[in-house]
Amino acid sequence: MNIAFESPFHTITRYEKIENIEFYYQFLNWLKGEFDLYLMEELDGLKVYYPNGLFSVTLYSKNEKDLSIEIKIKSKTLKSANQVSLEIETIHNRLKMVFLKKTRAVELKPAS
């Protein structure tokens, strides 16, 4: 995670490795559901504008062996940037658990 201050915004940039492209699209879908009351752009990934700033999630590396996403938060106050960061991280962790359970269920499924 990288935190910087570029007047008038605090910027937090984070890169996360992901297992597959399906996870990325599901993550965007969950974020859209969580932040559905805010203005959004869906041109290249997702950009959400909230009262003190904005955050974006984009596919950073499209190499199938090394997929990663970039999460960038820009906020006028560090407190609101940290709150949004925590919300995004919580959604990301919950989705990882869902995908882990799904993967384990497929692995444990008896052969027919």
Side-chain angles (χ1 to χ4, degrees):
M1 179 173 10
N2 181 17
I3 301 175
F5 179 74
E6 301 165 16
S7 186
F9 292 103
H10 295 274
T11 304
I12 299 174
T13 306
R14 184 175 181 169
Y15 299 93
E16 290 285 336
K17 289 188 178 192
I18 56 175
E19 295 295 320
N20 55 38
I21 199 74
E22 180 184 329
F23 182 90
Y24 170 69
Y25 290 118
Q26 189 67 46
F27 183 51
L28 293 183
N29 190 35
W30 282 28
L31 287 172
K32 286 188 255 181
E34 184 68 24
F35 294 95
D36 64 341
L37 297 178
Y38 300 113
L39 177 65
M40 294 183 199
E41 287 181 18
E42 298 180 50
L43 297 175
D44 181 28
L46 178 67
K47 190 180 281 188
V48 177
Y49 298 89
Y50 59 92
N52 267 340
L54 65 97
F55 74 85
S56 64
V57 178
T58 56
L59 195 55
Y60 182 72
S61 170
K62 297 179 183 178
N63 181 359
E64 284 189 33
K65 294 181 181 179
D66 188 31
L67 284 172
S68 62
I69 57 175
E70 177 188 62
I71 302 167
K72 186 176 276 192
I73 303 166
K74 288 188 171 194
S75 184
K76 290 184 181 178
T77 65
L78 191 55
K79 181 180 177 182
S80 65
N82 286 330
Q83 287 174 337
V84 170
S85 178
L86 183 61
E87 288 180 60
I88 293 170
E89 185 175 348
T90 301
I91 292 168
H92 185 264
N93 290 337
R94 286 183 187 158
L95 186 58
K96 280 172 86 172
M97 288 177 30
V98 168
F99 265 77
L100 183 63
K101 286 180 183 178
K102 187 189 295 186
T103 303
R104 285 186 181 165
V106 169
E107 290 173 357
L108 297 174
K109 187 176 178 182
S112 299

Verdict with reasoning, Asn82 to Ile12, per side-chain contact (heavy atoms from CB on, under 4.5 Å): CA-CA 9 Å; Asn82 286 330; Ile12 299 174; 3.8 Å; yes

Could you walk me through whether Tyr25 and Leu59 pass side-chain contact (heavy atoms from CB on, under 4.5 Å), step by step? CA-CA 10 Å; Tyr25 290 118; Leu59 195 55; 5.6 Å; no

side-chain contact (heavy atoms from CB on, under 4.5 Å) between Thr13 and Glu70: does it pass, once the steps are laid out? CA-CA 7 Å; Thr13 306; Glu70 177 188 62; 3.9 Å; yes

Verdict with reasoning, Tyr60 to Ile18, per side-chain contact (heavy atoms from CB on, under 4.5 Å): CA-CA 11 Å; Tyr60 182 72; Ile18 56 175; over 6 Å; no

Glu89 and Arg14: salt bridge (Lys or Arg N to Asp or Glu O under 4.0 Å), yes or no, with the steps? CA-CA 10 Å; Glu89 185 175 348; Arg14 184 175 181 169; 3.3 Å; yes

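With sequence neighbours excluded, the residues satisfying ring-ring contact (aromatic ring centres under 6.0 Å, His included) with Phe35 are Phe55.
Atoms CG and CG, on Asn93 and Leu86 in that order, are 9.5 Å from each other to the nearest 0.5 Å. To the nearest 0.5 Å, atoms CD (Glu19) and CG (Leu100) are separated by 9.0 Å. To the nearest 0.5 Å, atom CD1 of residue Ile69 and atom OG of residue Ser61 are 11.5 Å apart. Ile21 CD1 to Gln26 CD: the interatomic distance, rounded to the nearest 0.5 Å, is 12.5 Å. Here CG of Leu46 is found 8.0 Å from OH of Tyr24. Values are rounded to the nearest 0.5 Å.
By the 4.0 Å N-to-carboxylate-O rule, Glu42 lies close enough to Lys32 to be salt-bridged with it.
Lys74 has its side chain out of reach of His10: every pair of non-hydrogen atoms, C-beta onward, lies at least 4.5 Å apart. Using a 4.5 Å cut-off on side-chain heavy atoms (C-beta onward), Thr11 and Lys72 make contact. Counting only heavy atoms from C-beta outward, the side chains of Leu54 and Val48 never approach each other to under 4.5 Å. Put simply, the side chain of Phe9 does not reach to within 4.5 Å of the side chain of Asn52, judged on heavy atoms. A heavy-atom distance below 4.5 Å is found between the side chains of Glu87 and Glu34. Side-chain contact between Phe27 and Ile88: present, with at least one pair of heavy atoms (C-beta onward) separated by less than 4.5 Å.
A donor-acceptor pair under 3.5 Å is absent between the side-chain atoms of Ser85 and the main chain of Ala81, judged by distance alone. A donor-acceptor pair under 3.5 Å is absent between the side-chain atoms of Ser75 and the main chain of Leu78, judged by distance alone.
With 3.5 Å as the limit, one finds a donor-acceptor pair spanning the side chains of Tyr49 and Glu41.
Surrounding CG of Asp66 are more than 12 heavy atoms belonging to other residues, nucleotides or ligands, all under 6.0 Å away.
For Thr77 against Ser80, the heavy-atom pair with the smallest separation is OG1-OG, 2.8 Å.
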